[in-house]
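What follows is a short report on a single structure.
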Amino acid sequence: MRYSQLLLPTLKETPAEAEIASHQLLLRAGFIRKLTAGVYAYLPLGLRTLRKIEAIVRQEMNRAGAQELLLPMVQPADLWKESGRWEKYGPELLRFVDRHQRESCLGPTHEEVITDLVRMNVHSYKDLPLNLYQIQTKFRDEIRPRFGLMRGREFVMKDGYSFDASEAAAGVTYNKMKETYSRIFARCGLSCRAVEADTGTIGGNFSHEFMVLAATGEDTIVVCTACDYAANMEKAACPAPALTAAKPAPLELERIATPGKKTVDEVTTFLGITPDQLVKTMIYLADGKPVAALVRGDHEVQPVKLKNLMGAVDVELASEDTVRKVCGLAPGSLGPMGLTMPVVADHQVMAMANMVTGANQDGVHLKNVNQGRDFPVALAGDLRMATAADPCPHCHGRLELPRGIEVGHIFKLGTSYSEALQATFLDDQGKRQPFVMGCYGIGVSRCIAAAIEQNHDDNGIIFPLPIAPFQVILLSLSVKDAEVTKAADTLYEELMKRGIETLYDDRNERPGIKFKDADLIGIPLRVMVGKRFIEAGEVEIKHRGSGATEALPMAGAADALAAMLDRLMAGATKG
RNA sequence: CGGGACGUGGCUCAGUCUGGUAGAGCACAGCGUUCGGGACGCUGGGGUCGGAGGUUCGAAUCCUCUCGUCCCGACCA
């Protein structure tokens, strides 16, 4: 492709709307342009990289025995009502009515549609297993789209769905997909980690997220430095502490005035105690009913864990007004004693004795509070966020809490959808069984952003070779010089003949501009034809990543570059 | 949905407090000089100051409403 004919509007200055590197660089390098909040147009370069990732995904999915299809984006409400998600899925589901007043929605995901398709067309265990996928634009009306391609409302996703005859067979499929995903991300040049995850709104019972480690990631994950344990915050287990010694005997309850001291910091400083001697009482609404969640002062409640422990559908932190209504005072001096609502406690709280809590009276706290004697606990379990101070739940090794970008998510769905939609087959006994399902997503467009977050410098993007929009950028450094132009034209043709994806910068621009643009758009291999080298019968090569330069003889340069690319491609996969 | 910020040529922004008839740099077009890390000179085109209403002799500037964008908190690929 000749640069002079390409729509590639690079920007010298950073648009004010972009905050993080990938968003800034995607705009500056002319990959994307925003149409409206969370909705982007892909320009030629952006599309090329998108297509490269898609191609890798296709190859690996096909290799794993999955089949590609394409499902509708517009979906009827009836199907969603059948699965129960028309009510459950929030305002993120973009709903509308058509001219016949039929309720419809834009597909944010396709469990209903695929299950419907399979129930209509697959009836026997002999047709299983079945693994189907599509690469398609999804729409989710996100509350807050942000960071460019990182969290758009419209985005490109690969979603796959598997149908098996048994739990055991579904497990095999799940593991195969897990391996496939690792291979896909490695081939994209992404350094990625599979972490255990909660199943969220998709439902089901087992799941892994694939996280690209990056400081700008939206999620915090928990990884062990000693073993391969990794989980997201919603899932990272904080097991009950081993009781090494008997609890100290309960002391006499004391009331202490703590005027104006509300936060854990204020109260512990005022009382001269440490946060692990205090218990925080957090009021949540579980399916609309108040519940008091107890965690140690130095811990934070993890709402999803609370939700799961309660067996609730929805859990949210109560507003200050709600707290006033159900407790009779604002947060700041809350405590478990005398509350009428159920009290649930974290493991660590159960291990405490003679704790400090609020007295449910403004400006008053209680000392020597003891579970059992002073208040009942309805439910105890793992309620809190893991911290770097916790040991690994598997090997007791040291944990780290890096940030990550979720690029893939796989779920074992079980039979929740097939039962809701009555999608069944006859097994080898002639018995009707629901399909055992799995579902597998990859944020294809998000992968572009993730790759840039992980691979850039002050000058621009540094694309991993397998997903770079072009493999080579050929710069003619002096378009007006007939000799240089002829040499560059010839080399361009030679490269094209060998199928090397080359962007030929034939613009009548000064060399500085071409260097800057080449760095910005991040093409791995830069080949320069200029007066300085042409006199020696050479072209100059510069590697975008390392910055290393080398000279190649003009004669045979195309072959040498082809060989170089083969070598680089072979080494590009992240281990 | 709550909290904060912003909206002025394609981009980055000044001008708004203290009303007086719209600016700069970059980009774009032309000419000339330049030509291996975002050159320089001259000339030129381009703006409903997000929109509507109001106050005023006069509004980018003050008031009201509205739309949009971005950032921080509850969702997810």
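Below, chain A is the first sequence line, B the second, and so on; all start at residue 1. Small disclaimer: the values here were computed from a predicted structure and weren't measured.
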What string of B, S and - do you get for nucleotides 1-13 of chain B, 5' to 3', if B is base contact, S is sugar-phosphate-only contact and - is no contact with any protein heavy atom under 4.0 Å?
B---------BSS
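Side-chain N/O atoms of A/Arg153 and A/Tyr40 include no donor and acceptor closer than 3.5 Å. Defined by atom type and a distance below 3.5 Å, a donor-acceptor pair is missing between the side-chain atoms of A/Thr14 and A/Gln24.
Look at B/A77: it lacks any Watson-Crick or wobble partner with both distances under 3.5 angstrom. The partner of B/A60 cannot be assigned: no Watson-Crick or G-U wobble pair with both contacts below 3.5 Å exists in any strand. In a base pair of the Watson-Crick type (N1 to N3 plus N6-O4 or O6-N4) or a G-U wobble (N1-O2 and O6-N3), with each distance short of 3.5 Å, B/C40 is matched with B/G32. Searching all strands for a Watson-Crick or G-U wobble partner of B/G23 with both distances below 3.5 Å returns B/C13. Across all strands shown, B/G7 forms a Watson-Crick or G-U wobble pair with B/C67, both key distances being under 3.5 Å.
Across B/A22 and B/U48, the matching P atoms stand 12 Å from one another, rounded to whole Å. Comparing the same atom, C1', in B/G4 and in B/G45 gives a spacing of 39 Å after rounding to whole Å. Rounded to whole Å, the C1' atom of B/C72 lies 36 Å from the corresponding atom of B/U55. Atom name C1', nucleotides B/G7 and B/C13: the rounded distance is 13 Å, in whole Å. Comparing B/C62 with B/C6, their P atoms are spaced 12 Å from each other, to the whole Å. Using P as the reference atom, B/C26 and B/C17 are 29 Å apart when rounded to the nearest Å. Here, B/G51 and B/U8 have their C1' atoms 14 Å apart, quoted to the whole Å. Straight-line distance between the C1' atoms of B/C57 and B/G41: roughly 45 Å, to the nearest whole Å.
Among the heavy atoms of the strands, none lies under 4.0 Å from A/Arg33. A/Asn459 comes within 4.0 angstrom of nothing in the nucleic acid, heavy atoms only. As judged by a 4.0 angstrom heavy-atom cut-off over every strand, A/Glu142 is placed among the base-contacting residues. A/Asp159 comes within 4.0 angstrom of nothing in the nucleic acid, heavy atoms only. Using a 4.0 Å heavy-atom cutoff across all strands shown, A/Tyr181 reaches no nucleic acid atom at all. Among the heavy atoms of the strands lying under 4.0 Å from A/Gly530 is at least one base atom, whether or not backbone atoms are also near.
For an aromatic pair to be called close, the ring centres must be under 6.0 Å apart, and A/Phe210 with A/His208 fails this. Within the 6.0 Å centre-distance limit, the rings of A/Phe463 and A/Phe31 are counted as a close aromatic pair.
Nearer to the 5' terminus of RNA chain B, by closest-nucleotide assignment, is the contact made by A/His23 (compared with the other of A/Gly443 and A/His23).
Which of B/G36, B/C75, B/G37 sits closest to the side chain of A/Glu540 comes down to B/G36. If you check B/C75, B/C35, B/G36 against the side chain of A/Lys480, the one that comes closest is B/C35. Closest to the A/Arg510 side chain, of the nucleotides B/G37, B/A39, B/A77, is B/A39. With distances taken from any side-chain atom of A/Glu19 to the nucleotides B/C71, B/C76, B/U69, the minimum falls on B/C71. Side-chain atoms of A/Arg446 lie closest to B/A77 of the nucleotides B/G36, B/C72, B/A77. Across B/C26, B/G37, B/U34, the shortest atom-to-atom separation from the side chain of A/Lys12 is found for B/C26.
Among all heavy-atom pairs drawn from A/Tyr161 and A/His110, the shortest one is OH-N, 2.9 Å.
As rounded to whole Å, 16 Å separates atom P of B/G37 from atom CZ of A/Arg507. Atom pair A/Leu94:CG and B/C76:C1' shows a separation of 16 Å (rounding to whole Å applied). The CG atom of A/Asn508 sits 12 Å away from the P atom of B/C28 (whole-angstrom rounding). Atom-to-atom, NZ of A/Lys138 to P of B/C75 comes out at 22 Å; the value is rounded to the nearest Å. One atom, CZ of A/Phe515, and another, P of B/G36, lie 8 Å apart when rounded to the nearest Å.
For the pairing with A/Thr216, the side-chain hydrogen bond (donor to acceptor under 3.5 Å, both in side chains) check across A/His23, A/Glu19, A/Glu453 returns one residue only, A/Glu453.
Here A/Ala318 pairs with A/Ile283, A/Leu285, A/Thr322, A/Val323 under the side chain to side chain contact (heavy atoms under 4.5 Å, CB included) rule; sequence neighbours left out. Applying the salt bridge (Lys or Arg N to Asp or Glu O under 4.0 Å) criterion to A/Arg544, with sequence neighbours excluded, gives A/Asp457, A/Asp519.
Stacking of the aromatic ring of A/Phe155 onto the base of B/A77 is found: the ring centres lie under 5.5 Å apart and the planes are inclined by under 30°.
Remark: A/Lys138 does not engage A/Glu154 in a salt bridge, criterion side-chain N to carboxylate O under 4.0 Å. Checked for salt-bridge contact, A/Lys81 and A/Glu87 miss the test: no charged N lies under 4.0 Å from a carboxylate O.
Checking the phosphate oxygens (OP1, OP2) of B/C70, a side-chain nitrogen or oxygen of A/Lys34 falls inside 4.0 Å. Side-chain nitrogen and oxygen atoms of A/Thr36 include at least one within less than 4.0 Å of the OP1 or OP2 phosphate oxygen of B/U69.
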